[in-house]
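Heads up, the thing below is written out as structure tokens.
Please read these numbers as outputs of a predicted model, since none were measured by experiment.
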There are 2 protein chains.
Amino acid sequence: MSTIKDVANLANVSVATVSRVMNSSDYVSEETRAKVLNAIEELKYKPSSAARVLAGKKMMSIALVVPDISNPFFSELARAVEDVAQKNGFSLFIGNFYNKNTREKDYIKSMSNKYIDGFIFASSTLTEEDIDTLIKKEIPMVVMDRAATIGGCTVIKCKNYDGACIATNHLIQLGCREIAHISGPGEFVTSMERLKGFEDTLKSHGLYNPSLISHGDFTIDGGRQAMRSLLNTHPNIDGVFAANDLMAIGAMKELKAMGKEVPRDVSVCGFDGVQIGDIVEPGLTTIAQPIYELGSLASQTIIDATMGKLNSKDTYELDIKLVERGSTGKMRV
Amino acid sequence: MSTIKDVANLANVSVATVSRVMNSSDYVSEETRAKVLNAIEELKYKPSSAARVLAGKKMMSIALVVPDISNPFFSELARAVEDVAQKNGFSLFIGNFYNKNTREKDYIKSMSNKYIDGFIFASSTLTEEDIDTLIKKEIPMVVMDRAATIGGCTVIKCKNYDGACIATNHLIQLGCREIAHISGPGEFVTSMERLKGFEDTLKSHGLYNPSLISHGDFTIDGGRQAMRSLLNTHPNIDGVFAANDLMAIGAMKELKAMGKEVPRDVSVCGFDGVQIGDIVEPGLTTIAQPIYELGSLASQTIIDATMGKLNSKDTYELDIKLVERGSTGKMRV
DNA sequence: TTGAAAGCGCTAACAC
DNA sequence: GTGTTAGCGCTTTCAA
């Protein structure tokens with residue numbers, strides 16, 4: 001691996017000059033610039049990130065911290081984040097925290113001394129304190145699925161509340177009268193907002209019944225279990241709104257196992273819009289988030305922030321949309 | 001951020017001593033060690049990775065380069081890789097190359113000067129030359145899905161050929177006589193090995209017909225398209241072996257759209273064993289790879305290699321197993 | 001427009 | 001046992 005010194009020697013200039021052309025700072029005569037460029041080319045010189053960082057530059061890498069990368073929502077998100085990062089010359093770190101708050105904090109600790117320039121926390125359960133730690137280190141961050149702005153960090157989310165209202169209304173309009181909700185873990189703002197939208201909508205229609213709410217953990221299996229217990233106490237449920245697609249799919253599996261047909265007996269609606277919603281049978285009606293857009297926006301925002309471009313907005317709330325498929329529809333009357 | 005100097009000052013020792021206790025090298029008296037430890041604690045000192053790297057140490061991070069992180073096979077793999085990395089104090093970089101050979105090479109370039117200690121290439125299309133580049137830089141690497149060992153890098157794969165034979169035999173035993181294969185892109189060894197297993201098995205049963213082979217691109221849509229063209233020329237196909245689960249799912253969708261029922265009219269078998277194979281309807285029979293094991297083995301191998309623990313084996317071939325679900329079974333006779 | 005040199009935080013001889 | 005110090009490769013004043 002050749003160093004800046006090698007380049008300087010070959011080009012017959014000083015290392016400072018090489019540094020100048022690398023960073024296109026200061027003025028360098030066309031002639032010297034050409035010489036240096038040639039030398040760089042010839043030696044296939046790549047500056048050492050570690051040395052640059054030590055000298056006060058950026059590492060050009062960002063981290064995405066998710067609950068579980070094997071969850072399709074997050075892997076689709078990661079793809080978007082990485083695409084944008086790559087286009088900007090940034091590398092992407094990935095960390096899974098499996099809903100273990102401790103592990104999420106560990107990432108802050110273990111990665112921040114690796115000179116990561118920015119963090120994206122997806123679906124985080126970070127406390128204000130954790131966030132302060134990062135802010136004190138002046139490491140920019142964007143948080144997804146967070147209620148409101150916390151000083152100094154951008155929030156990017158989608159309209160969870162509105163989406164839940166749309167989903168619930170959709171079910172009501174289809175004729176469902178005993179509508180259950182499979183909610184996500186209570187520590188996520190996402191879960192809370194979707195739950196609120198569900199409750200408010202039902203209340204306004206006089207259909208609210210708290211015993212029709214069960215909690216899942218955002219996994220297929222969790223959705224299945226929640227559906228089972230719901231069905232035990234309320235065998236006549238005719239509509240289900242799950243806080244994410246995975247749980248909705250689990251619910252559909254359980255429904256089928258219990259001899260209920262979707263959508264004839266029960267209509268099911270999910271939330272997220274992940275690709276597998278389109279391959280299950282029947283196709284899953286869902287409130288689709290613009291996942292790719294969410295990821296690329298987060299990525300671009302954090303990259304801009306590392307370069308000192310401050311963001312004018314501190315909260316982005318992207319629109320969701322109802323995607324109707326076979327899991328909601330005509331019911332037996 | 002406090003530095004080693006701050007710690008040294010506070011503990012009234014030299015930086016060398018601090019370095020010693022950090023790296024538990026050399027002897028340090030219990031007394032001084034305690035003083036230093038206290039100072040470290042008090043200042044919440046974290047050594048700078050960049051500085052350590054410059055001084056000749058490891059960055060403690062590895063990279064996983066995949067075609068597409070949003071493909072469930074790779075996201076499940078990534079999860080395993082990250083788990084093991086995290087346990088060893090390593091961070092994980094992720095790169096997508098979208099089957100663009102150029103981009104895969106770019107990763108080698110752009111990441112290697114970021115002091116990544118090791119690479120895992122999954123499903124790579126790297127040439128010997130590319131690999132040589134890394135070997136010359138003395139960066140250890142493991143390659144998944146590669147035919148054989150290339151000097152200096154460990155190969156981790158599963159028994160593709162055997163798996164394809166098992167799948168094909170399974171179809172034959174079910175009574176299928178006109179069996180098609182949806183193969184993966186020709187540049188992947190994986191595709192080739194699975195194709196070979198398919199061909200050999202059919203030949204040995206006198207059922208081989210090259211026009212029953214179509215190529216897909218490992219995506220659902222690719223599988224759908226391949227199935228369509230296959231059905232055009234061979235409307236009586238009664239068995240399909242796809243080189244991965246995603247394409248098998250695409251084939252099932254197309255079959256359904258064309259009025260064929262699975263498995264009554266056509267039996268379908270995939271390869272990989274990703275989780276969604278279990279949520280489609282009917283469930284997908286598949287040759288399951290031990291994905292988590294593959295990922296954790298790769299991760300541990302590369303981490304060991306960065307620490308100088310050379311691996312005794314240079315090729316691992318993990319076993320696969322046939323997982324029978326609803327997509328293969330009783331046919332109409 | 002260019003060069004010399006200090007310094008970023010750490011490790012590892014080499015002294016003591 | 002512990003301290004001193006010379007780098008590691010780069011950026012950036014400060015001079016020239």
Side-chain angles (χ1 to χ4, degrees), chain A residues 1-37 39-40 43-61 89 112-117 137-138 306-308, chain B residues 1-40 43-61 89 112-117 137-138 307-308:
Chain A
M1 210 66 202
S2 47
T3 73
I4 197 173
K5 223 170 184 170
D6 301 327
V7 177
N9 286 150
L10 183 59
N12 257 312
V13 295
S14 73
V15 293
T17 301
V18 177
S19 176
R20 282 185 191 106
V21 350
M22 287 297 307
N23 297 287
S24 46
S25 59
D26 284 1
Y27 281 84
V28 180
S29 76
E30 269 317 312
E31 203 186 327
T32 2
R33 157 170 271 103
K35 274 198 303 185
V36 172
L37 254 20
I40 287 174
L43 293 166
K44 293 190 188 316
Y45 166 69
K46 296 270 172 217
S48 148
S49 301
R52 304 193 66 191
V53 166
L54 246 204
K57 293 298 202 176
K58 299 290 174 194
M59 183 66 170
M60 305 272 284
S61 59
S112 63
N113 67 307
K114 270 182 186 155
Y115 293 88
I116 286 171
D117 305 312
K137 291 187 184 170
E138 300 194 317
T306 67
M307 320 247 247
Chain B
M1 208 67 200
S2 46
T3 73
I4 196 172
K5 225 168 181 171
D6 300 328
V7 177
N9 285 151
L10 183 58
N12 257 313
V13 296
S14 72
V15 294
T17 302
V18 177
S19 176
R20 281 183 191 109
V21 350
M22 286 299 305
N23 297 288
S24 48
S25 59
D26 284 3
Y27 281 84
V28 180
S29 77
E30 268 319 311
E31 203 187 328
T32 15
R33 155 169 274 106
K35 276 198 302 185
V36 172
L37 255 18
N38 279 335
I40 287 174
L43 294 166
K44 295 194 190 312
Y45 166 70
K46 297 269 171 218
S48 147
S49 301
R52 303 193 67 192
V53 166
L54 248 204
K57 293 298 203 176
K58 299 291 173 193
M59 183 66 170
M60 305 274 281
S61 61
S112 62
N113 67 307
K114 270 182 187 155
Y115 293 89
I116 287 170
D117 304 312
K137 291 187 184 169
E138 299 194 318
M307 320 247 246

Using only side-chain N and O atoms of [X], determine if any of them is under 4.0 Å from OP1 or OP2 of [N].
X: A:Thr32; N: C:dT1; answer: no
X: A:Tyr45; N: D:dC10; answer: yes
X: B:Lys57; N: C:dA12; answer: yes

Kindly indicate whether the side chain of [X], heavy atoms from C-beta on, has any atom under 4.5 Å from the side chain of [Y].
X: B:Asn23; Y: B:Arg52; answer: yes
X: B:Lys114; Y: B:Met59; answer: no
X: B:Asp6; Y: B:Thr3; answer: yes
X: A:Arg20; Y: A:Val36; answer: no

| task | State the OG1-CG distance between B:Thr32 and B:Leu37, to the nearest 0.5 angstrom. | result |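 Atom-to-atom, B:Thr32:OG1 and B:Leu37:CG are 10.5 Å apart.
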Could you tell me the separation between the [atom1] atom of [X] and the [atom2] atom of [N], rounded to a whole number of Å?
X: A:Lys5; N: C:dG3; atom1: NZ; atom2: P; result: 15 Å
X: A:Arg52; N: D:dG9; atom1: CZ; atom2: P; result: 15 Å
X: B:Met1; N: C:dC10; atom1: CE; atom2: C1'; result: 14 Å
X: A:Leu54; N: C:dC10; atom1: CG; atom2: P; result: 8 Å
X: A:Met22; N: D:dG9; atom1: CE; atom2: C1'; result: 12 Å

| said: Near DNA chain C, counting only heavy atoms under 4.0 Å, which residues of residues 12-19 of chain B show up? | reply: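 Contacts with DNA chain C under 4.0 Å: B:Ala16, B:Ser19.
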| Check: A:Tyr115/B:Ser48 side-chain N/O donor and acceptor closer than 3.5 Å |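 A donor-acceptor contact under 3.5 Å links the two side chains.
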| request: Would you mind telling me which residue lines up with the more 5' stretch of DNA chain D, B:Arg20 or A:Ala50, judged by nearest nucleotide? | output: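 That would be B:Arg20.
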| query | Taking for each residue the nucleotide of DNA chain C with the nearest heavy atom, is it A:Arg33 or B:Ser2 whose nucleotide lies nearer the 5' end? | reply |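 Upstream on the strand: A:Arg33.
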